[in-house]
Student: 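Provided herewith is a single structure, encoded as structure tokens, for subsequent inquiry.
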Amino acid sequence: MSVTDLPKVELHLHIEGAAPPAFIRGLAQEKGVNLTGVFDEQGNYAFTDFWHFLKVYEAATEVLKTPEDFGRLTRAVLEESAANGVIYTEAFLSPDFCGGGDLGAWKEYLHAIEEAARAAEAADGIILKGIVTPVRHFGPEKAKKSALCAAETAGSFITGLGMGGDEKAGKPGDFAYAFDMAREAGLRLTCHAGEWGGPESVRQALDDLRVERIGHGVRAIEDPALVERLAEDGIVLEVCPGSNVALGLYKTWQDHPVERLREAGVKVTVSTDDPPFFHTTMNHEYDRLADTFGWDEGSFAEINLTAARAAFCDEETRAALIKRLEAAND
Ligand code: ADE
Ligand code: ZN
């Protein structure tokens, strides 16, 4: 048995960022959208750094116009995830890309996404939950609109709020209103921090937004007191090593701090972020982590249990998930 045969739980996946290039090209052709600058000569997404990546990401997202487009995308993404042994995934869904922050439109997009998720669960047994995602560089006012969409559709499918986007735009505290609204609606909270911002950005997300998980969070390693706090408080990091290496945050897999964080007692999980952009899959992440750090089946089983325990889902789903993971470890 190889580590890639294990059932997997993924907590950090952007739905648009998971769109295969061929899928985006197909839609562009159908709709007559010009995607000059999005792909390289081999047909892969082309970007030079994180900020260019965000621009290319948003340009590619331009072709996703209707609820039906997002339904088709969800189906394609979940098929790929299931092929990688993922049994449960949480996807970042942004009202900014799904109806421009309008609640009525958002509900239509959500309907199409949920229908696709139901079809995927019936076909492959994979479960999807949605985390509403304000985009940080779109600003606090748009974040409030996203949070309102989240609060109004909170339930068994929309279970969390988690901000992404450019960490250098504003401070976490600028978005406290949006996170407070989501918390009051019973949503669970996460936020990208400690990717392009340093340890201080992780502290601010914890203190000012009161999140229970951190997207990435890896730059906490630069501050031992923060590492200790994360371990003591049981804060879960949604670590995406392949994304960090592809975007140049770390030069090599060997340089990535995920093993040092784990050794320090921090709860780490493994996800892909935007897999086709970074030429990765869950299987690829597992292979590279096993090669680089010697992680074995037991290490990955523990990581998947950590992810299942930290998943933004109802307790019935969690119990079923843990049962499936434990059955595979017997
Ligand atoms: N949106 C999509 N991928 C992202 C990342 N790695 N960081 C911040 N925002 C994102
Ligand atoms: Zn992300």
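Every number for a ligand or one of its atoms is a count from 1 in the order of the listing. The first residue in the sequence is number 1, and the count goes up from there.
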Student: Nearest 0.5 Å, please: how far is CZ in Arg324 from CG in Asn329?
Tutor: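 Atom-to-atom, Asn329:CG and Arg324:CZ are 13.0 Å apart.
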Student: When you look at CD of Glu228, are more than 12 heavy atoms from neighbouring residues, nucleotides or ligands closer to it than 6.0 Å?
Tutor: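 Result for CD/Glu228: open.
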Student: Is Asp102 paired with Lys145 through a side-chain N to carboxylate O contact shorter than 4.0 Å?
Tutor: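 No, this pair does not count.
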Student: Hey, is there an N, O or S on Glu238 sitting under 2.8 Å from the Zn ion (ligand 2)?
Tutor: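 It does not; every qualifying atom lies at 2.8 Å or beyond.
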Student: For the Zn ion (ligand 2), find the closest N/O/S atom on His192 and give its atom name.
Tutor: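 Within His192, restricted to N, O or S, the Zn ion (ligand 2) is closest to atom NE2.
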Student: Who are the residue neighbours of ligand 1 when the rule is a heavy atom under 4.0 Å from any of its atoms?
Tutor: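 For ligand 1, the contacting residues are His14, Phe50, Phe53, Tyr57, Gly164, Gly165, His192, Glu195, His216, Asp273, Asp274.
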Student: Is Pro21 close to Tyr45 at the side-chain level, that is, under 4.5 Å between some pair of heavy atoms?
Tutor: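 Yes, close enough: below the 4.5 Å cut-off.
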Student: Report whether any nitrogen, oxygen or sulfur of His216 sits less than 2.8 Å from the Zn ion (ligand 2) (N, O or S, backbone or side chain).
Tutor: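 Within the cut-off used here (under 2.8 Å), His216 places no N, O or S atom near the Zn ion (ligand 2).
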Student: What angle, to the nearest 10°, do the atoms NE2 (His14) and OD1 (Asp273) form about the Zn ion (ligand 2)?
Tutor: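 For NE2 of His14 and OD1 of Asp273, the angle centred on the Zn ion (ligand 2) reads 90°.
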Student: Compute the centroid of each ring, for Phe92 and then for Phe97, and state whether the two points are separated by less than 6.0 Å.
Tutor: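 So the answer is no for these two rings.
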Student: For the residue pair His14 and His192, categorise the inter-ring angle as parallel (less than 30°), tilted (30 to 60°) or perpendicular (more than 60°).
Tutor: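 Plane angle between 30° and 60°, so tilted.
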Student: In His12, the N, O or S atom nearest to the Zn ion (ligand 2) is which?
Tutor: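 Going through the N, O and S atoms of His12 one by one, NE2 ends up nearest to the Zn ion (ligand 2).
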Student: Are the side chain of Arg260 and the backbone of Ile221 linked by a donor-acceptor contact shorter than 3.5 Å?
Tutor: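 No; zero donor-acceptor contacts below 3.5 Å.
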Student: Quick one: which residue pairs count as a ring pair (Phe, Tyr, Trp, His ring centres under 6.0 Å) with a foot in residues 303-330, not counting sequence neighbours?
Tutor: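 The answer is none; no pair qualifies.
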Student: May I ask you to check whether Cys240 brings an N, O or S atom to under 2.8 Å from the Zn ion (ligand 2)?
Tutor: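 No.
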Student: Go through His12 and Ile131 one step at a time and tell me if the side chain to side chain contact (heavy atoms under 4.5 Å, CB included) criterion holds.
Tutor: CA-CA 9 Å; His12 190 117; Ile131 302 183; over 6 Å; no
